[in-house]
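Lettering of chains follows the sequences in order, A, B, ..., and the numbering in each one begins at 1. Computation of the quantities below employed the complete heavy-atom set of this structure, encompassing side-chain atoms and omitting hydrogens, waters and symmetry-equivalent molecules.
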Number of protein chains: 2
Amino acid sequence: MKVSIVDDNELMRENIAKRISATNDIQVVGVFADGQYLLDYLETCNSEDLPDVILMDIEMPTNGIYTTGIVKSKFTSIDIIMLTVFDDDNTIYEAIKAGALGYLLKEEPSETIIKAIQDIKNGGSIISPSIARKIIRFVATPEQSKKSKPAENPLTKREVEILGLISNGHTNPQIAEKLFISYETVRKHVRNIYEKLQVSNRTSAAKRAIDNRWLPE
Amino acid sequence: MKVSIVDDNELMRENIAKRISATNDIQVVGVFADGQYLLDYLETCNSEDLPDVILMDIEMPTNGIYTTGIVKSKFTSIDIIMLTVFDDDNTIYEAIKAGALGYLLKEEPSETIIKAIQDIKNGGSIISPSIARKIIRFVATPEQSKKSKPAENPLTKREVEILGLISNGHTNPQIAEKLFISYETVRKHVRNIYEKLQVSNRTSAAKRAIDNRWLPE
DNA sequence: GACACAATACTCCAATTGAGGTATTTTAGG
DNA sequence: CCTAAAATACCTCAATTGGAGTATTGTGTC
């Protein structure tokens, strides 16, 4: 299996290369100090010479996340494992979005890196435990709480109900019919809604309701 | 470290118990055939006797995902590792949502299970490689493509611009002023929008625009 | 340069909406 | 039981909106 390594620290990349090439089914076919050097190299490669797996550092002039995105878009068969010291949520998230299939901290022992390379071509992903925990937390976080917290809803139950119908594009006569109340009553509710929300038309009110997730899905 | 095991297969749970209790910092303090039995046990426990970690199977009368949710809500200090044969996306996702911090397939060797138990109290998570791959794919999937694909946008650039202002609650006179065009022209655009979208009021039009993500964020 | 389409602008009419009231009946809590 | 809030209902007037036209001026493409 052909593996390339990208890391701006010379000692580190040579060290990793030596450690993993001791395994007989792994062959290091390229060691680069920057993402751009890797990209240049890949462009010159015959497809049969392309690496199967790339171990990618992040902090480089042409950074590893950007490089990962380019590699995955141009060479879909190459799998990428991030090998870095970064463990903040955003870096992890961006790396995965860019297409990384594994994420290891540099502190991992050689056997783990080697297992990651082998597993990745088998459809598996190896992730350092502390990184895995952060990814799990990310998945467990409800969609809406990732965004800003909604404002408190000052409306009554009936008002929310009517605002929901407004948001769906219903007119006042349609709402009256649907709720079995008079047209004038609907209008009164609507005006009360406007006053509470400090708006003066139904589209603004609908926007507030949607933005704040006041309406049931 | 105190570990409990929940699995409806007697052979399996005894087997796991024997394998992990060979490690001297792990002590099996409860083995249950169903989630409900575990919950009953936890209720009777003094807090100092509660397990630190639970290995949880999924397929049981009181299923493991439900049980996980209850345990995490009542006993926040207990960490839960799923130990199961299920590897479908939805089961994994639901387990994580319920609060599982680790996810292992039953095929994993004893050392991996033991390492998972030790790591979890250290702030790490161990996930079987094939499961990890699926979680990574999940995180990498763009938010919107998890939902239905948006319809093709039949509107012109100017129409989209105006629909955007409508969606923000602007009136036609306000839009006219903002775009330096006449009020009557705005109304013409708006009517063209309605015709193309087959709607007859601005709130419906705004809803379509938002639902289909036609507007820039 | 011809042609389609987008963008601009206007008129007229009817329906809906927004803003200001008042008033009665339910509902929920103390 | 009493009271406050919510829900109901109605009136009036002005502004905005929606629907139906017509017409002129870019703009880009073949």
Side-chain angles (χ1 to χ4, degrees), chain A residues 144 149-217, chain B residues 144 149-217:
Chain A
Q144 68 234 39
K149 60 284 160 205
E152 210 38 59
N153 184 342
L155 304 178
T156 69
K157 211 191 316 187
R158 194 58 151 177
E159 286 165 351
V160 170
E161 194 177 4
I162 287 173
L163 187 47
L165 293 171
I166 287 176
S167 301
N168 275 321
H170 289 78
T171 64
N172 291 340
Q174 288 169 340
I175 294 171
E177 193 182 6
K178 200 149 200 162
L179 299 183
F180 304 107
I181 58 179
S182 89
Y183 169 65
E184 294 300 337
T185 301
V186 174
R187 286 167 46 108
K188 177 63 172 166
H189 280 305
V190 171
R191 273 184 293 124
N192 289 339
I193 291 170
Y194 292 167
E195 194 176 3
K196 287 185 181 175
L197 302 187
Q198 299 272 300
V199 300
S200 59
N201 65 66
R202 48 186 50 220
T203 312
S204 296
K207 182 175 159 58
R208 284 279 286 284
I210 292 169
D211 287 351
N212 287 311
R213 278 175 283 279
W214 287 338
L215 310 177
E217 306 306 309
Chain B
Q144 69 233 41
K149 61 282 162 206
E152 210 38 59
N153 183 342
L155 305 178
T156 68
K157 213 192 313 188
R158 195 59 152 175
E159 286 165 350
V160 170
E161 195 177 2
I162 288 173
L163 187 47
L165 293 171
I166 288 176
S167 300
N168 275 322
H170 290 78
T171 64
N172 291 340
Q174 289 169 339
I175 294 171
E177 192 183 5
K178 199 148 200 162
L179 299 185
F180 305 106
I181 57 179
S182 88
Y183 169 64
E184 294 302 337
T185 302
V186 174
R187 286 168 43 99
K188 178 64 173 166
H189 280 305
V190 171
R191 274 183 293 124
N192 288 339
I193 292 170
Y194 292 168
E195 195 176 5
K196 285 184 182 175
L197 302 187
Q198 299 272 301
V199 300
S200 58
N201 66 65
R202 47 186 50 220
T203 313
S204 296
K207 181 175 159 59
R208 283 279 287 284
I210 293 169
D211 287 351
N212 287 312
R213 279 174 282 280
W214 287 338
L215 310 176
E217 305 306 309

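Summarising the geometry, the separation between OH on B:Tyr183 and P on C:dC10 is reported as 12 Å, rounded to the nearest angstrom. Rounding to whole angstrom units, CG of residue A:Leu155 and P of D:dA7 are separated by 10 Å. One atom, NZ of B:Lys188, and another, C1' of C:dA6, lie 12 Å apart when rounded to the nearest Å. Rounded to whole angstrom, the span from the CD1 atom of A:Ile162 across to the P atom of D:dA7 amounts to 8 Å. B:Gln198 places its CD atom 11 Å from the P atom of D:dG19, with the value rounded to the nearest Å. Taking atom CG of A:Asn192 as the reference point, atom P of C:dG20 lies 12 Å away to the nearest angstrom. Put simply, CD1 on A:Ile166 is 12 Å from C1' on C:dG18, counting in whole angstrom units. Distance A:Ile175 CD1 to C:dT17 P: 8 Å, rounded to the nearest Å.
Within 4.0 Å (heavy atoms only), A:Thr185 reaches at least one base atom of the nucleic acid. Counting non-hydrogen atoms under 4.0 angstrom, A:Arg158 reaches the backbone sugars and phosphates but no base. Heavy atoms of A:Ser182 sit under 4.0 angstrom from primed sugar atoms or phosphate atoms, though from no base atom.
Minimum interatomic distance between A:Leu163 and A:Leu215 (heavy atoms only, all atoms of both residues): C-CD2, 4.4 Å. A:Ala209 and A:Ser167 get closest at one heavy-atom pair: CB-OG, 4.3 Å. The minimum heavy-atom distance linking B:Gly169 with A:Asn201 is given by the pair O-ND2, 2.8 Å.
Under 3.5 Å, the side chains of B:Arg202 and B:Asn172 contain a donor-acceptor pair of N or O atoms.
For the pair A:Pro173/A:Tyr183, a side-chain contact is recorded, criterion being any heavy-atom separation below 4.5 Å from C-beta on. You'll find the side chain of A:Val190 reaches within 4.5 Å of the side chain of A:Val186, heavy atoms only.
Closest contact between the side chain of A:Lys157 and the listed nucleotides D:dG21, D:dA7, D:dT17 involves D:dA7. In this structure, of C:dG21, C:dT16, D:dA20, it is D:dA20 that holds the atom nearest to the side chain of B:Arg191. For B:Glu159, taking side-chain heavy atoms from C-beta onward, the closest of the listed nucleotides C:dA7, D:dG21, D:dA9 is C:dA7. Considering only the side chain of B:Ser200, D:dG18 comes nearest among D:dT17, D:dG18, C:dG18.
Along DNA chain C, the nucleotide nearest B:Lys196 and the nucleotide nearest A:Thr171 are compared for position; the residue whose nucleotide lies closer to the 5' end is B:Lys196. Nearer the 5' end of DNA chain D, as judged by each residue's closest nucleotide, is the contact made by A:Ile181, out of B:His170 and A:Ile181. Toward the 5′ end of DNA chain D lies the nearest nucleotide of A:Leu179, the other residue of the pair A:Leu179 and B:Glu184 mapping further downstream.
A search for side-chain hydrogen bond (donor to acceptor under 3.5 Å, both in side chains) contacts involving A:Lys196 returns A:Glu159, not counting sequence neighbours.
In this structure, B:Asn172 does not reach the D:dT16 phosphate: none of its side-chain N or O atoms is under 4.0 Å from OP1 or OP2. Considering only side-chain N and O atoms, A:Thr156 lies under 4.0 angstrom from the phosphate OP1 or OP2 of D:dA7. Side-chain N/O atoms of B:Arg187 include none lying less than 4.0 angstrom from OP1 or OP2 on C:dA9. The side chain of B:Tyr194 contributes an N or O atom lying less than 4.0 Å from OP1 or OP2 of D:dG18. Between B:Asn201 and the phosphate of D:dG18, there is no side-chain N or O to OP1/OP2 separation shorter than 4.0 Å.
Inter-axis angle, ends of the helix from C:dG1-D:dC30 to C:dG30-D:dC1, five pairs per end, rounded to 10 degrees: 70°.
Here the CD atom belonging to A:Gln198 is positioned 8.5 Å from the CZ atom belonging to A:Arg208, to the nearest 0.5 angstrom. Atom CD1 of A:Ile193 sits about 5.0 Å away from atom CD1 of A:Ile166, to the nearest 0.5 Å.
Side chain A:Arg202 to base C:dG18: no donor-acceptor pair is found below 3.5 Å.
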